[in-house]
There are 2 protein chains.
Amino acid sequence: MNRQTTQGGHADGTVGKALDVMDRVAAAGRPVRFAELLAGSDHPKATLYRLLQTLTSQGMLIYDEARQTYAPGLRLVRLAHAAWQQSSLAPIARPYLDALSERVGETIHLAQMDQGQVLYVDKRNARRPVDMFSEAGKIGPGYCTGVGKAMLAFLPPDDRARAVNMQSFFAHTPRTLTSPQALTEELAAIRAAGVSFDREEHEPGIICIAAPILSSTGRVLGALSITAATRRNTLDGLDQLRPALTETAEQIAAAAETWQFPD
Amino acid sequence: MNRQTTQGGHADGTVGKALDVMDRVAAAGRPVRFAELLAGSDHPKATLYRLLQTLTSQGMLIYDEARQTYAPGLRLVRLAHAAWQQSSLAPIARPYLDALSERVGETIHLAQMDQGQVLYVDKRNARRPVDMFSEAGKIGPGYCTGVGKAMLAFLPPDDRARAVNMQSFFAHTPRTLTSPQALTEELAAIRAAGVSFDREEHEPGIICIAAPILSSTGRVLGALSITAATRRNTLDGLDQLRPALTETAEQIAAAAETWQFPD
DNA sequence: GTCGGATGTTCCATATAATGAAACTGTATT
DNA sequence: AATACAGTTTCATTATATGGAACATCCGAC
C-alpha cells in the first residue's frame, strides 16, 4: 500500500497526455478496464478512449478483447532494453557488482534516481546471479530506503529540498522517518558519514547499508547497497562491509567517468 | 550489422510520430545527435526538434547538454518493468525455466513475438556459461533463430505470410535461410516436427533447439529454446533434450492458460 | 580576427489533428 | 420487456502541431 505522490505535472501536448495514460496503466499493476481509467483521469470519455486506441495500435498497450482490459505492451520492453543499456549505470557497473557480490555474498542493489523515486537498475541475489531486469525497473520510495537516502543526501541543496517534498512519508514500519524534518536531519548525518543505513524503515526485518555513487564533480550518479535480513545479520555486521561497498561505489564512479568522456 | 526492416508503418497522430522517434533513438544503440536523427527522418527540422523536446521533458529521452546527444530515458525502464511483469510470459514461466535450467544445464531463452521480430523476455545461463549476449528486452531476427522459426511456424497462415515478408533475410552466416521460399518450406517442416533447430543460422558455432508455446486454442504465446555451442554439443545432442523442452513448453502454456482464465 | 559552413533554435501564419458533448450500440441486471 | 451501465462513434469546434524560413551559435579554416 504505497501512496507515492501521483504527480500530475505539466503534461505538455498530446504526447504528454498519452504518456500520462501509460503511467496510469502501468501503475495499476494489473490489467485495467476503461471505466477504471476514466474514473482516475480528468479527460473526457472520448478523449481517453482515443488515446487508448492510439497507444494500443502502437503496441504500447495490449488490449485483451475478451476481458476488455488494457495492459502495458511489449514494445516497452524493447525500448527499455535500449534505455537500460545506454542510460543506466548497469552495464558499466556490471563487473564491479559481480566482484562485490562474490566478495560479500549478500544481496546487492544498484539504483538511480528518477523523479524523486528510487529506480533499481540492477541487482545481485545472495546466491545465484540472475542477471537482468526481471527486477530492474522496479521503483521504490526515496525517503525510507538505503539507496534513496544515500542519493538524496548528496543532491544539490535545492534539488534535495524539492525531492524531499515529493516524498509521501508513508509509515511502512514503526521505524520509518515520517517527516521532512526528520529526513533532512538524517540526510545531514549521512553526508557526514558518507554512507546511509536502512534500519528496517521500509520492511520489517530488512536492513541495509548504502553508499552514493558520485561523479568527480560531486554529482549523484546513483547508489549501491548491501541488504540483509535481521535474522542473518546486524547493522554492525553490515558496517564491516563498508570498505567493500564504498570501494566498489568509487570504482563504478570512475568507470562511469571514463565512459562519459572517452577522449 | 543487423539490417532489420525499419518499418515506417502507419504512424497515426502525433503520438505515433513521437514513438517513431523513440524507436529511432533506441535503435541507434548509442547517444545520437540531432542531425543524425534528422537525416534518418522525414520530418522537417522544426517538427523533429519539438518532438525531441517534448520527449525529453517527459523523461522518455535524456539529453546530454555537453555532447548534444539524445538517449532513451529511464522512465522507460520503469514502464517496461510493468509490461514485463504483466504482459510477458516471464513471470509465469519463471519456475519452469528454473526447473529446465537445472535439468539440462544449457542456456535457455524464453521469447515472444513482437512486430515480426523475436523479443527475448527471459533467460537462464548455462552451467558453463557460453559467451553470448542476450538479455531480456533484447530483440532478434525471426527468420534465423530457433525461437523465431518456432513461433512463425505456428502462426495463422495470413499472419505468418505477413511476418515472413517483414524479415530482412540478411545472411548472418553461410547457413542462414535467405529467401521467403526457403523459410516457408522450413516452417512447414517445423510444423510437422513440432520443434525447430537453429543450425548456425544466426551465429557461427551456435546451435539450438526450440519449441513453440501454444495456447489450448493453438495460438502462439511464445517459444522456448535450449542453446549450445557446436564445440560442446551437437544437433543430435540437443535433440536428446527435446522431451524436456516440449514438456516445459507445455507446462508454461498450461500455466498461462490458468492465469488468463482464473475462474 | 574574419569568414564560411554546419548545427541547433525560434517564429508565426496555416493546416491538421485532438477535443468533448451528445447520440448511439451493445451487454448485463431486475 | 425495461433499465442501467460500459463501451463506441459522430461531428462541429478548437487547440495543437506543423514547417518554411529567418535567426543564432559554434567551430574550423584562412
Side-chain angles (χ1 to χ4, degrees), chain A residues 8-25 27-28 30-73 86-87 260-263, chain B residues 8-25 27-28 30-73 86-87 260-263:
Chain A
H10 35 92
D12 49 345
T14 314
V15 174
K17 286 171 208 161
L19 292 173
D20 183 54
V21 171
M22 282 303 306
D23 267 345
R24 287 176 196 282
V25 174
R30 64 189 158 71
V32 257
R33 301 191 62 124
F34 178 81
E36 272 185 88
L37 289 168
L38 183 59
S41 155
D42 43 359
H43 301 298
K45 232 195 323 190
T47 301
L48 179 61
Y49 180 71
R50 264 175 299 96
L51 282 174
L52 288 169
Q53 284 216 141
T54 304
L55 288 169
T56 303
S57 92
Q58 290 293 328
M60 295 291 282
L61 292 176
I62 292 174
Y63 181 62
D64 181 336
E65 298 215 15
R67 337 189 100 215
Q68 297 185 135
T69 56
Y70 296 89
Q86 292 183 52
S87 303
Q260 292 278 356
F261 314 115
D263 43 44
Chain B
H10 36 91
D12 49 344
T14 314
V15 174
K17 286 171 206 159
L19 292 172
D20 183 55
V21 171
M22 283 302 307
D23 267 346
R24 288 176 195 281
V25 174
R30 62 189 160 71
V32 257
R33 299 188 64 117
F34 178 79
E36 272 185 88
L37 288 169
L38 183 59
S41 154
D42 44 357
H43 301 297
K45 232 193 326 189
T47 302
L48 180 61
Y49 180 71
R50 265 176 299 96
L51 283 174
L52 289 169
Q53 284 215 141
T54 304
L55 288 169
T56 303
S57 92
Q58 291 293 327
M60 295 292 281
L61 291 177
I62 292 174
Y63 181 62
D64 181 336
E65 299 214 17
R67 339 189 101 216
Q68 296 186 135
T69 55
Y70 296 89
Q86 292 183 50
S87 303
Q260 294 277 356
F261 314 115
D263 43 44

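Just so we're on the same page: letters track the sequence lines, and every chain starts at 1. Only heavy atoms go into these numbers, but all of them, side chains included; no hydrogens, no water, no symmetry mates. Every value quoted in this text rests on a predicted model; they were computed, and no experiment measured them.
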_Proximity to the side chain of B:Y70 - top-ranked nucleotide from D:dG20, D:dG7, C:dT9_ = C:dT9
*About how many Å separate CG of A:L61 and OG of B:S87, when rounded to the nearest 0.5 Å?*
8.5 Å
*Whole angstrom is fine here: how far is it from CG in B:L52 over to C1' in D:dG19?*
15 Å
*Taking the nucleotide of DNA chain D with the closest heavy atom to each, which residue, B:A46 or A:A46, is nearer the 5' end?*
A:A46
*Passes side chain to side chain contact (heavy atoms under 4.5 Å, CB included), B:Q68 versus B:Y63? Steps please.*
CA-CA 7 Å; B:Q68 296 186 135; B:Y63 181 62; 3.5 Å; yes
Polar pairs (N or O, both sides) under 3.5 Å between protein and nucleotides 17-19 of chain C?
from	atom 1	to	atom 2	distance (Å)
C:dA18	OP1	B:T14	N	3.1
C:dT19	OP1	A:K17	NZ	2.9

*Answer with base, sugar-phosphate or nothing: what part of the nucleic acid does A:A35 contact at a heavy-atom distance below 4.0 Å?*
sugar-phosphate
*Would you sort out whether B:I62 and B:T56 count as a side chain to side chain contact (heavy atoms under 4.5 Å, CB included), showing the intermediate values?*
CA-CA 6 Å; B:I62 292 174; B:T56 303; over 6 Å; no
*At under 4.0 Å, does any side-chain N or O of A:Y63 touch on OP1 or OP2 of D:dT8?*
yes
*Report the C-alpha distance between B:L48 and B:K45 in whole Å, list the side-chain angles of each, state the deciding distance to 0.1 Å, and finish with yes or no for side chain to side chain contact (heavy atoms under 4.5 Å, CB included).*
CA-CA 5 Å; B:L48 180 61; B:K45 232 193 326 189; over 6 Å; no
*Roughly how far, to the nearest 0.5 Å, is the OG1 atom of A:T69 from the CZ atom of A:R30?*
10.0 Å
*Are the side chains of B:Q86 and A:P31 in touch, meaning some heavy atoms are under 4.5 Å apart?*
yes
_Verdict with reasoning, A:R24 to A:E36, per salt bridge (charged side-chain N to carboxylate O under 4.0 Å, His left out)_ = CA-CA 10 Å; A:R24 287 176 196 282; A:E36 272 185 88; over 6 Å; no
*Just how far, in rounded Å, is P of D:dA6 from CG of A:D64?*
18 Å
*Report the distance from atom CG of B:D42 to atom P of D:dA17, rounded to the nearest whole Å.*
18 Å
*How far does CG of B:L19 sit from NZ of B:K17, to the nearest 0.5 angstrom?*
12.0 Å
*What's the spacing between B:M60 CE and B:T54 OG1 if we round to 0.5 Å?*
12.0 Å
*What one-letter contact string describes nucleotides 23-28 of chain C from 5' to 3', where B marks a base within less than 4.0 Å of any protein heavy atom, S marks contact via sugar-phosphate atoms alone, and - marks no contact?*
------
*Tell me: CG of B:L48 to P of C:dT7, nearest whole Å?*
14 Å
*asked:* Using whole Å, what does the distance between atom P of nucleotide D:dT25 and atom CZ of B:F34 come to?
replied: 17 Å
*Please report, rounded to the nearest Å, how far the P atom of C:dG8 is from the CZ atom of B:R67.*
14 Å
*Kindly assign one of parallel, tilted or perpendicular to the pair B:Y49 and B:F34, based on the angle between their ring planes and the thresholds 30° and 60°.*
perpendicular
*Short side-chain N/O contact from B:Y49 to OP1 or OP2 of C:dG8, under 4.0 Å*: no
*Round to a whole Å and report the spacing from CG of A:L38 to C1' of D:dG7.*
10 Å
_B:R33 side chain near C:dT7 phosphate (N/O to OP1/OP2, under 4.0 Å)_ = no
*asked:* The test is side chain to side chain contact (heavy atoms under 4.5 Å, CB included); show your working for A:M22 and A:V25 and say whether it passes.
replied: CA-CA 5 Å; A:M22 282 303 306; A:V25 174; 5.7 Å; no
*Note down the inter-axis angle between the two ends of the helix from C:dG1-D:dC30 to C:dT30-D:dA1, five pairs each, to the nearest 10°.*
40°
*asked:* Can you tell me how far apart NE2 (B:H43) and CG (B:L52) are? Round to the nearest 0.5 Å.
replied: 9.5 Å
